[in-house]
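For reference, the structure discussed in these notes is given below.
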Amino acid sequence: MEVKNKMVKAYCVKCKEKNCEMKDPVINQTAKGGFMAKGKHEKCGTTMCAMMSKANAEKAIADGEAKKNF
Ligand SMILES: [Zn+2]
């Protein structure tokens with residue numbers, strides 16, 4: 001079976017690692033109209049945030065990888 005890469009990734013301030021996979025990401029729209037994913041680092045549980053483009057935000061939601069909160 002194909003292993004799917006998670007799209008929603010962010011920098012973890014605790015692990016000091018880039019491109020950490022986000023667990024249960026929720027995508028919000030910011031006041032300026034941008035999209036921001038918020039979730040926890042799978043490995044350590046620290047909350048992470050990542051800015052996303054509209055296209056990526058919509059794709060992550062359509063693929064069931066993230067929840068929509070806007
Ligand atoms: Zn971490």
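Values below: all heavy atoms of this structure, side chains included; hydrogens, waters and symmetry mates excluded. Only a predicted model underlies this, so the values are computations on that prediction, with no experimental measurement involved. One-based numbering, in listed order, for ligands and for the atoms of each.
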Salt bridge (charged side-chain N to carboxylate O under 4.0 Å, His left out) assessment of E17 paired with K43: CA-CA 11 Å; E17 270 178 44; K43 202 161 71 179; 2.9 Å; yes
Under-2.8 Å protein N/O/S neighbours of the Zn ion (ligand 1), ordered by chain then residue number: C12 SG, C15 SG, H41 ND1, C44 SG
Atom pair CD (E58) and CG (D63), whose distance is rounded to the nearest 0.5 Å: 12.0 Å
Flag, side chain of E65 to backbone of M7, donor-acceptor distance under 3.5 Å: yes
Specify the closest pair of heavy atoms between [X] and [Y], including all atoms of both residues, with the distance to one decimal.
{"X": "N19", "Y": "K9", "result": "O-CD, 3.7 Å"}
{"X": "I27", "Y": "A57", "result": "CD1-O, 3.7 Å"}
{"X": "A10", "Y": "M22", "result": "CB-CE, 3.5 Å"}

